Amino acid sequence: MLRVFNTLSNTKEEFKPINENKVNMYVCGVTVYDFCHVGHARSSGVFDIIRRYLLHKGYDVTFVKNFTDIDDKIIKRSNEANIPWTELTAKFMDEHNADMDSLNILRPTHTPKATDYIKQMIEMCETLINKGFAYESNGDIYYRVQKFEEYGKLSHRKLEDMMAGARIEVNDNKENPFDFVLWKAAKPGEPSWTSPWGEGRPGWHIECSVMSEDILGLPFDIHGGGKDLVFPHHENEIAQSEAACGCMFSKYWIHNGFVNVNQEKMSKSLGNFFTIRDVLKEFDAEIVRYFLLTTHYRSSLDFSQDHLLEAEKSLNRIYTMLDELNRFNPGKKGVDVTAEAEKMVETFMQKFEAAMDDDFNTPEALAAMFEVIRETNTLLASKPNKIGFPALLKAVETVFCVIKSVLGVTKYSPEEWFRINLSIPEDELNAKIQARTDAKKNKDFATADNIRNELLEVGIELQDTIDGTIYRASKIRTFS
RNA sequence: GGCGACGUGGCCGAGUGGUUAGGCAGCGGACUGCAAAUCCGUGUACCCCAGUUCGAUCCUGGGCGUCGCCUCCA
C-alpha cells in the first residue's frame, strides 16, 4: 500500500487515485528567464521518481509541468538583454529541456505555457468576479481572500494570524493586503493582451489553476512543487480553482525540500546557486541524479562537492559489481546458487517496494539495492557453476531493471561507466598495459609498478584479474 | 512577531518504544608479487533536562541550537 505525505492534511495518507488506475498529476515548472539550478534539478528529479514509481505500480500517469513564460523577471531580463521576451523564453525552455534530458528525467506528458492560456485566464477572472471572489480596481483584478473561507488550509495558517504579523506592503488598489492579483493592467511598453478591463497580463497564480483544469480536469490527483510554493502560490491556486469550480482542486499535495548550500537554502535571491550546466562540467549527470536519491525528498539536501564525490563512489561500487558479473565465466565445477539468487530478488523486491511505498523513501530503497550488491559479490566469490550463474545473472538483471526504470540510475554499461573519463587514447593505454604485463612476466616488478603509478596519475586505475589486467578511468579533478 | 521543520556513531543518511539500516572513511584479517577490487570481522550513535513506561534515540513537557515559510523563488 502506497502512502504519501499530503501537505493538506500534514500526514501520510493512503494513496487512492480518484479514478481507479488513472493518475493525473500537475507539477509547477520554472519561470524561463535563466538557466536552471540544482534546486530545479531536485524538484524535477523528485517528481520524476514519483511519476516513475507510480508507473511501476501499474498506474496510467498523465504528468503536466508548465512553463511560466510571462512575468516581471522575464520582462526585466529581456529589456536588459535587449532581445524580445518571446525569444528569451524560447531559449530558456530549450535550455531547461536539455538539462532535464541530461538528468534522465522523463519528458512530461504535457508542457503548457502560460501565454497559450490567456483566453482561459480571462474567463476564470470573469467567473470569479461574477461569483464575488474577485474585483476590478484600476484595471487590475484582485482575488478577494476573505471571501474564501478555507483560505490558509494548505499552509495551515489563518488569515487573522497573518494580518496580525503582517509585513506586506500596502497597496491602495486592494481591499485587503492579502488579496492577490489575478490580472494586472499593463504599463506602457510591456507585453500585454486585450481584456474586458483593458490591456494587461496575467498574475502568476492563475496560470496553474487554468492549465491544470484545462488539461487534466478537476479534481486531479497530485499537485506538486517545491516547499516554497506552499504559500502563497499553491494556497492561492486552491482559492481560485475551488472558488471558480465549487469543487475540490487537487487531492494530494506533495512538496519537496530545498537544496541547501552551507545550511542555507540555495536560491536566486541569495545568489548561492549552482546551475545544472556548471555542475555537469565536473560531474556526470548520473552522479547528480544519484545524489538526489540519497536524501528523502521532503528533507533538505545539502549540496557540496564532497557529497557528489561520495555519490560517485557509490556508483563506482554498483558498476564494479555489474562489471565483475559480466566478466565472470562459470566453470563446470562450482556451486549452484539458484536458490540464493531467487531469494535475493524476492527480498529486494519486498524491501524496495516497502521503502518506496512509504512516501517514496529512496535512501531506504538504495539500502535494499546495496544488499543485493553485497550478496551478489559474495555469491560470485563462491564461484557459481553453469547452472547457478545464469540464475544469478537473471536475478541481478531483474533488480537493476527496476533500479533503472524507477530510480533512473545505472543507465550506462559498466564498460561505458569506467571509460567516460578515459584521459589518454585507448591504444596508448593498451600498449602500456601490455608493457606492464611483459614486465610482470619477467618479474620486473619495479617497471610494472611504475607503469601502474604513472597511469594512476592520469586517473586510470589498473586491476589484475585472473583473465588479465583491466582498467577503470576516473575523472581527474582540479579541486580538493 | 505568526506558523512550521529539524538536531542520529569520524562524515553523510534511513529508521524504530526492547532485536543489523545503508553509503563513505578508519582499523584487523583473507585474497594479491605488491596493489586494487571483493569478502569476513570491527564502532558503549541517537542535542540537554524532566516525565510517562518494566524499558525511550523513538511518546509528553521544558530548554538550547540550526533552518524554512510569512516578499520573487523548485
Side-chain angles (χ1 to χ4, degrees), chain A residues 7 10 27-31 33 36-47 65 68 71-73 76 152 155-158 160-169 178 204 224-233 235 255-260 263-270 273 290-291 294-296 298-302 304 306-307 309-318 320-321 323-324 351 355 358 361-371 373-382 440 443-446 448-449 452-453 456 461-466 469-472:
Chain A
T7 306
N10 244 323
V27 175
C28 287
V30 300
T31 302
Y33 69 103
C36 290
H37 58 68
V38 179
H40 298 117
R42 160 107 115 149
S43 183
S44 304
V46 162
F47 288 100
K65 177 173 160 177
T68 298
D71 93 321
D72 290 347
K73 295 184 293 295
K76 182 164 178 259
S155 52
H156 306 288
R157 53 189 91 187
K158 294 187 182 119
E160 307 90 76
D161 293 345
M162 286 192 273
M163 312 265 249
R167 41 172 269 217
I168 47 172
E169 86 292 358
F178 281 92
W204 174 35
K227 261 193 167 89
D228 45 358
L229 298 184
V230 174
F231 191 92
H233 186 51
E235 195 67 65
H255 294 98
N256 65 276
F258 301 129
V259 174
N260 285 177
Q263 325 275 14
E264 266 186 332
K265 176 185 170 182
M266 181 185 289
S267 74
K268 288 272 184 184
S269 43
L270 288 170
F273 61 93
Y290 181 92
F291 165 67
T294 57
T295 301
H296 182 89
R298 282 189 284 118
S299 306
S300 52
L301 171 63
D302 205 45
S304 71
D306 282 352
H307 291 164
L309 288 169
E310 263 194 31
E312 183 177 42
K313 283 180 187 167
S314 298
L315 282 166
N316 283 341
R317 176 161 164 84
I318 299 167
T320 297
M321 183 280 279
D323 193 28
E324 296 195 345
K351 288 191 174 180
D358 183 15
N361 192 330
T362 52
E364 211 170 288
L366 288 176
M369 176 194 71
F370 278 109
E371 281 172 25
I373 289 169
R374 188 178 351 89
E375 175 81 5
T376 303
N377 282 330
T378 302
L379 292 176
L380 277 178
S382 75
K440 282 206 316 175
K443 303 268 183 223
D444 180 3
F445 294 120
D449 289 352
R452 189 169 63 193
N453 291 335
L456 201 56
E461 188 177 81
L462 298 186
Q463 295 182 15
D464 295 330
T465 73
I466 337 160
T469 300
I470 62 163
Y471 64 84
R472 283 170 185 169

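So that the names make sense, note that chain A is the first sequence line, chain B the second, and so on, each numbered from 1. A quick note: this is a predicted structure, and the numbers were derived from the prediction, not measured.
Within the nucleic acid shown, A:Val46 has no heavy atom closer than 4.0 Å to any nucleic acid atom. Backbone-only engagement by A:Asn377 is indicated by non-hydrogen atom pairs under 4.0 Å involving sugar-phosphate atoms exclusively. Within 4.0 Å of A:Leu462, counting heavy atoms only, lies at least one base atom of the nucleic acid. Within 4.0 Å of A:Gly225, counting heavy atoms only, lie sugar-phosphate atoms of the nucleic acid but no base atom. Using a 4.0 Å heavy-atom cutoff across all strands shown, A:Phe258 reaches at least one base atom of the nucleic acid. Note on A:Gln463: a base of the nucleic acid sits closer than 4.0 angstrom, heavy atoms only. If you check every strand for non-hydrogen atoms under 4.0 Å, A:Gly29 touches sugar and phosphate atoms only.
For the pair A:Ile318 CD1 and B:U38 P, the interatomic distance rounds to 12 Å; values are reported in whole Å. The separation between A:Arg374 atom CZ and B:G22 atom P is 6 Å, rounded to whole Å. Counting to the nearest Å, the P atom of B:G2 and the CZ atom of A:Arg157 are 14 Å from each other. Atom CE in A:Met266 sits about 17 Å away from atom C1' in B:C72, given to the nearest Å.
Picking from B:G68, B:C40, B:G15 the nucleotide with the shortest atom distance to the side chain of A:Glu364 gives B:G15. Out of B:A25, B:A74, B:C72, the shortest distance to the side chain of A:Ser269 is found at B:C72. Distances from the side chain of A:Arg317 to the nucleotides B:C24, B:A74, B:A37 place B:C24 closest. Among B:C40, B:G2, B:G22, the nucleotide with an atom closest to any side-chain atom of A:Glu371 is B:G22. Ranking B:C39, B:C24, B:C69 by closeness to the A:Lys265 side chain, first place goes to B:C69. With B:A21, B:A14, B:A74 as the choices, the nucleotide that has an atom nearest any side-chain atom of A:His40 turns out to be B:A74. Across B:A37, B:G15, B:A74, the shortest atom-to-atom separation from the side chain of A:Ser43 is found for B:A74. Comparing B:C67, B:C24, B:C69 by their nearest atom to the side chain of A:Phe231 picks out B:C69. For A:Lys73, taking side-chain heavy atoms from C-beta onward, the closest of the listed nucleotides B:A14, B:G22, B:C72 is B:C72.
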Under 3.5 Å, N/O pairs linking protein and nucleotides 30-33 of chain B:
| from | atom 1 | to | atom 2 | distance (Å) |
| --- | --- | --- | --- | --- |
| B:G33 | O6 | A:Arg436 | NH2 | 3.4 |
| B:G33 | N1 | A:Asp449 | OD1 | 3.1 |
| B:G33 | N2 | A:Asp449 | OD2 | 2.8 |

Check nucleotides 8-13 of chain B for protein N or O atoms closer than 3.5 Å to its own N or O atoms and list the pairs.
none

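The partner of B:C54, taking Watson-Crick or G-U wobble pairs whose two distances both stay under 3.5 Å, is B:G18. Partner assigned to B:A74 is none, using Watson-Crick or G-U wobble distances below 3.5 angstrom. Pair assignment for B:G61: B:C49, on the basis of Watson-Crick or G-U wobble contacts that are both within less than 3.5 Å. Base pairing annotation: B:C69 forms a Watson-Crick or G-U wobble pair with B:G2, both donor-acceptor distances under 3.5 Å.
Side-chain contact, A:Ser44 with A:Lys65: a donor N or O sits under 3.5 Å from an acceptor N or O.
Listed by chain and residue number, A:His156 satisfy the side-chain hydrogen bond (donor to acceptor under 3.5 Å, both in side chains) test with A:Asn10 (two or more places apart in sequence, or in another chain).
B:C24 and B:U60: their P atoms are spaced 35 Å apart (whole Å). Annotation: B:U20 and B:A45 have their C1' atoms spaced 14 Å apart (nearest Å). Nucleotides B:C27 and B:A37 are separated by 13 Å at their P atoms, to the nearest Å.
Judged by distance alone, with hydrogens and angles left aside, the side-chain atoms of A:Thr362 form no donor-acceptor pair with the main-chain N or O of A:Ala365 at under 3.5 Å.
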